[in-house]
Structures are given as structure tokens and as C-alpha cells.
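The shown structure was predicted, so the numbers you read here are calculated from the model rather than taken from an experiment. Just the heavy atoms: all of them, side chains too, but no hydrogens, waters or symmetry mates, feed the values below.
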Amino acid sequence: MHTKPSVYALTLAQWQTYCTQHGFKPFVGKQLYTWLYQRYAYLDQMHNLPKAFKERLADDFEVRPLEILERQQSTDKSVKYLFKTSDGHSFESVYMVMQEAQEGGTAEKITLCLSCQIGCKVGCVFCATARGGFVRNLDAGEIVEQVVALKRAHQLEPTKGINIVFMGMGEPLHNLTQVVRALEILSAHEGLNIAPRRITISTSGVVPALQTLGALNLGVQLAISLHAVNDTLRSKLMPINKRYNLETLINALKAYPLDTRKRVMFEYLMIRDLNDSLSHAKELLRLLNGLKAKINLIPYNSTPHSSFERPPLERVQDFANFLNQKGLLCTIRISKGQDIAAACGQLREKCLNDSKHL
């Protein structure tokens, strides 16, 4: 990890305190915050900041911790970015363009898929991220800077509404302290001003951290990576289930403080001839009985060295139809960016020697 903190890792209040401690007016901190999050500027572009303050910043902080090494454009308008960290590692994030139904037609909705770790400890057998092993957590500044970098790259206005999903590399609840700190900065009214309801945290089910997250009452959306309806299969697919089995996870979710208008979203990766039959759908219905839930079916996205296959779309649709007919809200998500390996389960650390600078 970089030896100095990232310039993106402090809240406005912390910047104002920093200014006071070093002999600058607190409003200089507000000016810096505006430059960072309203104009997506680099330090050398911040022309109205005192020269002495900028010099101090450069001494105390990493002012450009992330570098974009590679950018890949999908036919569906998704764009995958490979970032290099200041300590020489890499990770990926995805800019996704969705179509959202509105009165009178459709509109484009922007979703940013963020990473919170380099690699992952969970070890799901269907996920490319796990094959590289776990390297380290991303800190709050590196998480926040992904948003700034993607908004800058796509010239998004500060007022443009976007959604954030922590569904990239890593398990957010294994890096909860830094993720929560990043959420505070991402949602700050004076900065990026992303409403918590537009932010989704996806977890494989780290139950103690899930309980901690619930107690914080941050107002974010919750998504659970489920992928199986019994412990035998889930433990094979997701080793974390051996520690926090389905009963433990479901009980924790029943106790999770949830806004009465919200549902817990369950992500269910459909793998051919493994978890895609109507008998599995019936088990899923029984498993989630008593929970205010929504199921998001995700047809499997292929990864190198995997023998798993995607089921026919008709089979996925039959699965969804059964659940919807039984009153369990179910949707099908065809992942974005499959042609550039940017879909669910396909992100991983890359060898930097093989990447070209933009």
C-alpha cells in the first residue's frame, strides 16, 4: 500500500482540520474538496489554492495514487478500466450504461462497478478474481478515486445521477472499515453527493461483518451472493459457506435492519445442470420464506480454466417464471461487458508487463 495517504481519503471535516493544524484557513479545505469532487481536478490544475498549501499537500499525500493503464470498450457501451496502484499492483473497475424505462421512453442509467480489494479471500470456484489469490485491501482513497476517475474519463457532470455497486474485485465485508469510510466520502453532500440508496454492497455472507454493517444503518442497498439452495452445493462453490452456512446467513438476514420499502437482493448465478432446475427453484422458495427478498438470476459468465457452462436462456426464464408465479420477485440480469471480460466473476488483477499505457 502507498506510504502516504491518498488525497481522496479524507472527509471535508478532516480537510478543514488539516488546514487549521497547518496554518491555513478552513475554507481552503472546502476549495480543495470542490476541486476534487466537483471538477475532478488534479493538484496542478487547482489554480486558486495557496502555493504553500499545494506544496504541503504534495509532501503529505499521494496526489495521484491511481493510474489508468488500460481501457476496453464493449459493444454494449460498457468500459472496463485497469488501474495501477502506487505500489505497483493492479485491479479493474467497470463503467456500465443501462437502459431505464421512463415515462415516454427510456433513458440511460450509469452504474459504476467498484473493486474493494486486489484479489479476494473468499475463493468462489466460479470467479476469476479468486484465482489470483488475495493481495491486499484497497484503502478508502483508492475506492473513492475509482469514482472520480470514471466520472472524469466520461466527462460526467457533477449533478449527473449514478449508481454504485460494490460487485467488482473483493469481498466488501472483509474490508468493511475502508468501505464504510469511502461511503462517507462518496455520499457527502459537498462532494460526490451519491445518495446511499444508489449504492449497493454485495457480500458472500460474512455474518459478523454483516451484523456490524446493519448496526451502522447506512441506508445502502444489500445484495447477497447466494448461488446455491443447500449447504452441500454452496460449500463446494463458495468455501465461506463452511464457516457461515445457509441457516446462519438466513437468520442474520432476518435480523438485519431493513427499510420497510426495501428488499434484500439475492444474486443467484445459474450454472448449467448444477443449480438451474425447477427443483432448485422450489428449494429456493422454501429457503427464502419469511424474507422480503428479490432474486437476481445471473446466467454464468465463462472464465478461463472453468468447466462450468451457461444454461439455455429458456431454462433461466422458466426458473424466473416459476418464482414470480409463486410471489417471489425475480429478474434476469444479462451481465454487461461479457466481450471484454468485464462481467460478473470475470475481473482480476492483471500482469502489468502485459498492459499498455493509454
Side-chain angles (χ1 to χ4, degrees), residues 1-11 14 36-37 40 61-71 80-96 111-124 127-153 162-188 191-192 194 199-204 206 209 212-213 216 218 220 223 225 342 344-352 355:
M1 192 172 292
H2 35 256
T3 56
K4 296 189 290 186
S6 165
V7 73
Y8 296 98
L10 273 64
T11 64
Q14 289 170 328
L36 290 175
Y37 300 121
Y40 321 134
F61 293 89
E62 289 277 5
V63 293
R64 295 178 73 164
L66 297 182
E67 177 184 357
I68 296 176
L69 285 183
E70 192 174 84
R71 178 184 187 274
K80 183 173 71 171
Y81 288 85
L82 178 66
F83 287 104
K84 177 185 176 183
T85 63
S86 60
D87 60 350
H89 291 290
S90 71
F91 66 90
E92 295 180 315
S93 308
V94 186
Y95 176 96
M96 296 181 289
T111 297
L112 308 184
C113 181
L114 305 186
S115 291
C116 63
Q117 295 179 313
I118 301 172
C120 186
K121 297 178 182 178
V122 176
C124 299
C127 181
T129 303
R131 292 200 185 91
F134 174 74
V135 179
R136 69 167 175 85
N137 289 327
L138 296 179
D139 67 26
E142 291 170 317
I143 294 171
V144 171
E145 194 186 357
Q146 291 173 68
V147 179
V148 175
L150 296 183
K151 292 188 76 173
R152 181 193 294 123
I162 62 171
N163 295 323
I164 301 291
V165 293
F166 283 87
M167 297 181 182
M169 294 169 58
E171 165 57 66
L173 298 194
H174 278 161
N175 190 19
L176 186 58
T177 298
Q178 295 301 317
V179 168
V180 169
R181 189 173 298 171
L183 290 175
E184 183 178 4
I185 298 170
L186 292 171
S187 61
L192 290 164
I194 301 169
I199 301 173
T200 299
I201 292 181
S202 175
T203 176
S204 58
V206 187
T212 301
L213 178 66
L216 292 172
L218 299 176
V220 297
S225 295
C344 292
Q346 294 183 322
L347 303 185
R348 60 173 298 172
E349 182 177 19
K350 298 294 193 298
C351 176
L352 299 187
S355 298

Legend entry - Atom CZ of R152 with >12 non-hydrogen neighbours under 6.0 angstrom: yes
Inset, instruction - Enter the distance from S86:OG to R64:CZ here, rounded to the nearest 0.5 Å. - result: 13.0 Å
Legend entry - Passing option when Q146 is tested against I143, V148, V144 for side chain to side chain contact (heavy atoms under 4.5 Å, CB included): I143
Legend entry - Contacts of L216 that satisfy side-chain contact (heavy atoms from CB on, under 4.5 Å) - sequence neighbours left out: V180, L218
Inset, instruction - For F134, check ring pair (Phe, Tyr, Trp, His ring centres under 6.0 Å) against everything at least two apart and list the hits. - result: none
Inset, instruction - For Q117 and M169, indicate whether the former's side chain and the latter's backbone hold a donor-acceptor pair under 3.5 Å. - result: no
Inset, instruction - To the nearest 0.5 Å, tell me how far N163 CG sits from T111 OG1. - result: 4.5 Å
Legend entry - Worked verdict on L114 versus V165 for side chain to side chain contact (heavy atoms under 4.5 Å, CB included): CA-CA 6 Å; L114 305 186; V165 293; over 6 Å; no
Inset, instruction - For T200 and A223, work out which heavy atoms get closest and say how close. - result: CG2-CB, 3.9 Å
Legend entry - Rounded distance (nearest 0.5 Å) linking atom CG of N175 with atom OG of S115: 11.5 Å
Inset, instruction - Measure across K151 and Y40 and return the closest heavy-atom pair with its distance rounded to 0.1 Å. - result: CE-OH, 3.0 Å
Inset, instruction - Locate the shortest heavy-atom distance separating C116 from G170; write the atom from each residue and the value. - result: SG-C, 3.8 Å
Legend entry - Side chain proximity check, V135 to F91, heavy atoms < 4.5 angstrom: no
Inset, instruction - Identify the residue among V94, I162, I194 that makes a side chain to side chain contact (heavy atoms under 4.5 Å, CB included) with L112. - result: I162
Inset, instruction - Go through the structure and list residues passing side chain to side chain donor-acceptor pair (under 3.5 Å) with E171, not counting sequence neighbours. - result: T203, S204
Inset, instruction - Give the intermediate values and the outcome of side chain to side chain contact (heavy atoms under 4.5 Å, CB included) for residues F166 and V220. - result: CA-CA 11 Å; F166 283 87; V220 297; over 6 Å; no
Inset, instruction - Report the residues that fulfil side-chain contact (heavy atoms from CB on, under 4.5 Å) with A153, sequence neighbours left out, ordered by chain and then residue number. - result: Y81
Legend entry - For A209, all residues meeting side-chain contact (heavy atoms from CB on, under 4.5 Å), sequence neighbours excluded: L173, L176, V206
Legend entry - Qualifying residues under ring pair (Phe, Tyr, Trp, His ring centres under 6.0 Å), relative to Y95, sequence neighbours excluded: H154
Inset, instruction - Would you give the length of the straight line joining atom CD1 of I118 to atom CZ of R136, rounded to the nearest 0.5 angstrom? - result: 4.0 Å
Legend entry - Residue pair T85 / L66, side-chain heavy-atom distance below 4.5 Å: yes
Legend entry - CA sep, side-chain torsions, deciding dist, call: C113, M96, side chain to side chain contact (heavy atoms under 4.5 Å, CB included): CA-CA 8 Å; C113 181; M96 296 181 289; 3.9 Å; yes
Legend entry - Rounded distance (nearest 0.5 Å) linking atom NZ of K84 with atom CG of D87: 10.0 Å
Legend entry - N/O donor-acceptor pair under 3.5 Å between E145 side chain and E142 backbone: no
Legend entry - Pairing residues for E184 by the side-chain contact (heavy atoms from CB on, under 4.5 Å) criterion, not counting sequence neighbours: T11
Inset, instruction - Identify the two heavy atoms, one from M167 and one from S202, that lie closest to each other, and give their separation to 0.1 Å. - result: CG-CB, 3.6 Å
Legend entry - Test item: I68 and F83 side chains (from C-beta on) under 4.5 Å apart, heavy atoms: yes
Inset, instruction - Kindly write out the residues that satisfy ring pair (Phe, Tyr, Trp, His ring centres under 6.0 Å) with Y8, not counting sequence neighbours, or none if the list is empty. - result: none
Legend entry - Residues which pass side chain to side chain donor-acceptor pair (under 3.5 Å) with K121, listed by chain and number, not counting sequence neighbours: none
Inset, instruction - In sequence, state the C-alpha distance, the side-chain angles, and the governing distance for L183 and I201, and then conclude on side chain to side chain contact (heavy atoms under 4.5 Å, CB included). - result: CA-CA 10 Å; L183 290 175; I201 292 181; 3.9 Å; yes
